[in-house]
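Source: prediction; values computed, not measured.
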Amino acid sequence: MPNQPQEDNVQDLSRHTAIITGASSGIGAGIARCFAACGARLILAARRADRLDALAEELSASGAQVLPRPTDVTIEEDVLGLFADAEAFSPVTLLVANAGMAIHRPTVDVTLEQWRAVIDVNLTAAFLCGREALRVMQPRGRGRIINVGSLSAQMPRADTIAYTASKFGLEGLTRALALEGRPHGITASIIHPGATISELIGERSLRASASPTTMEARHVAELVAAMAAVPDEINVLSTTILPIAQPYLGRG
C-alpha cells in the first residue's frame, strides 16, 4: 500500500496510545497507518464515520488495537466525549492534532462564516484537544502533543487568509502548550508540511500523479512518528518537511 511506512523507517511507538484527529483521509490516515505499523494503540477521530470504520478495519486486520470515534473536534462536547472514550480504551499518552480545512479565495470574497469555519477547525479544535490532552496527561507526568501546521505558517500563499492566520496561530498555541506542559513532563511540538497530496489541497491535486513539488502522506507520517518516538524528556519543538523542488526558499 502506498501509505505504508518503509521498514527501515519504522519507529517503536508501542509505549503510546495516540489520538489522531482528521484521521479519515490524507495526512491523518497516513499517520494512522504509520503509527499502527509502529505498534501504537490508536483512537481515530474524524467526522466521517464510514471512512473511520473502513480505516479501523484495515488496521485491525494487521493486528493494531484501534478505536474509531466519530467526532466533530470543533464542538466542545464531542471533544470531551472523545477523550472520555479514549481514556476508557487506554490512557492517552499522545495527541496528533491534524484536523484541518482550507478555503482558497481572495480576501475580499471571504465571508465571516467561512473565516470562522477555518479558524474553528484549524485552531479552536487544536485548543480544545490540547486542553483535554493536558488534563489527562498532567496527573501521569508524561505525554506528547504534536500539532500539524503548514508552510503557510512561515510563508503564505495568495488567497488563503483564514488558513494562513490559523496556522500562524497554531504555532503560538503549540509554544504555549509546550511551556505549560513542561513542569508536568508534557511536550508539545508542531510539524509544518509542504505540499502533500490530500483532499485539503483540492481535487485537482488528488487526481494528479506525484511530482517533484509534492509529497505523499507517508512522508509526513514517518517524520511525525520519529517526533513521537524520541524519549519522553526530549522534544522536537518545530520542524519543516517539504519537497526540495517546492518553491519556498528564495521566494520573492
Side-chain angles (χ1 to χ4, degrees), residues 18-32 42-52 55 68-83 85-86 92 94-107 109-134 145-154 156-177 188-203 205-206 217 220-221 224:
I19 292 177
I20 303 170
T21 70
S24 62
S25 64
I27 290 174
I31 292 170
L42 303 175
I43 300 93
L44 307 180
R47 286 180 288 193
R48 293 176 290 191
D50 55 340
R51 290 200 180 190
L52 277 184
L55 180 58
R69 211 296 186 170
T71 307
D72 184 337
V73 288
T74 68
I75 299 174
E76 185 173 27
E77 292 76 12
D78 267 22
V79 174
L80 294 176
L82 166 65
F83 274 82
D85 289 349
V92 175
L94 176 60
L95 165 68
V96 180
N98 166 74
M101 70 173 293
I103 292 174
H104 302 273
R105 183 166 294 185
T107 298
D109 296 327
V110 175
T111 67
L112 181 58
E113 181 180 12
Q114 291 168 335
W115 167 271
R116 285 175 171 164
V118 174
I119 297 297
D120 274 356
V121 173
N122 295 358
L123 189 57
T124 304
F127 155 69
L128 291 172
C129 291
R131 184 191 68 186
E132 295 311 304
L134 286 181
I145 298 166
I146 300 175
N147 292 320
V148 178
S150 169
L151 279 190
S152 291
Q154 302 168 9
R157 285 178 168 165
D159 302 335
T160 59
I161 191 168
Y163 184 77
T164 296
S166 70
K167 294 301 184 179
F168 266 84
L170 188 60
E171 174 81 35
L173 183 144
T174 301
R175 291 171 183 261
L177 289 172
S189 54
I190 188 165
I191 179 171
H192 295 300
T196 307
I197 300 171
S198 73
E199 294 180 15
L200 189 65
I201 58 175
E203 291 300 323
S205 295
L206 278 175
V220 181
V224 174

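Scored by the side-chain contact (heavy atoms from CB on, under 4.5 Å) test, Arg47 finds Asp72 as partners (sequence neighbours excluded). Applying the side-chain hydrogen bond (donor to acceptor under 3.5 Å, both in side chains) rule to Asp85 yields the partners Arg69; only residues at least two apart in sequence or on another chain are considered. For the side-chain hydrogen bond (donor to acceptor under 3.5 Å, both in side chains) test, no residue two or more places apart in sequence or in another chain qualifies with Thr71. With sequence neighbours excluded, the residues satisfying side-chain hydrogen bond (donor to acceptor under 3.5 Å, both in side chains) with Thr164 are Thr160. In terms of the side-chain hydrogen bond (donor to acceptor under 3.5 Å, both in side chains) criterion, residue partners of Arg175 (sequence neighbours excluded) are, by chain and number, Glu171.
Nearest heavy atoms, Asp159 versus Pro106: OD1-CA, 3.4 Å. Heavy atoms only, all atoms of each residue included: Ala126 and Leu170 are closest at CB-CD1, 3.5 Å. Across all their heavy atoms, Ala153 and His192 have their closest contact at CB-CE1, 3.6 Å. Here the closest non-hydrogen pair linking Ala217 and Gly26 is CB-O, 3.5 Å. Scanning both residues, Trp115 and Ala165, for their nearest heavy atoms gives CH2-CB, 3.7 Å. Across all their heavy atoms, Ala49 and Pro70 have their closest contact at CB-CG, 3.7 Å.
In this structure the side chain of Pro193 reaches within 4.5 angstrom of the side chain of Val148, judged on heavy atoms. Two residues are said to be in side-chain contact when any heavy atoms from C-beta on lie closer than 4.5 Å; Ile146 and Leu94 meet this criterion. Proximity of Leu177 to Leu134: side-chain heavy atoms (C-beta onward) are separated by under 4.5 Å at one or more points.
Screening Leu95, Ile20, Leu82 for a side-chain contact (heavy atoms from CB on, under 4.5 Å) involving Ile43 leaves a single residue, Leu82.
In this structure, Ser166 contributes its side chain and Val118 its backbone to no donor-acceptor pair below 3.5 Å.
Here Thr21 contributes atom OG1 and Ile19 contributes atom CD1; the two are 9.0 Å apart, rounded to the nearest 0.5 Å. In this structure, OG on Ser152 lies 8.5 Å from NZ on Lys167, to the nearest 0.5 angstrom. Of the inter-residue distances, the one linking Thr196 atom OG1 with Leu151 atom CG reads 8.5 Å to the nearest 0.5 angstrom. The structure places CZ of Arg116 at 11.0 Å from OG1 of Thr124, a figure rounded to the nearest 0.5 Å. Between atom CG of residue Asn147 and atom CG of residue Asn98 there is a gap of 10.0 Å, rounded to the nearest 0.5 Å. In this structure, the separation between CD1 on Ile119 and CE on Met101 is 10.5 Å, given to the nearest 0.5 Å.
Screening residues 123-133 for salt bridge (Lys or Arg N to Asp or Glu O under 4.0 Å) gives Glu76-Arg131, Glu132-Arg135 as the qualifying pairs, with residues at least two apart or on separate chains.
No side-chain N or O of Thr74 forms a donor-acceptor pair with one of Asp120 less than 3.5 Å apart.
Around CD1 of Ile103, the count of heavy atoms belonging to other residues, nucleotides or ligands within 6.0 Å exceeds 12.
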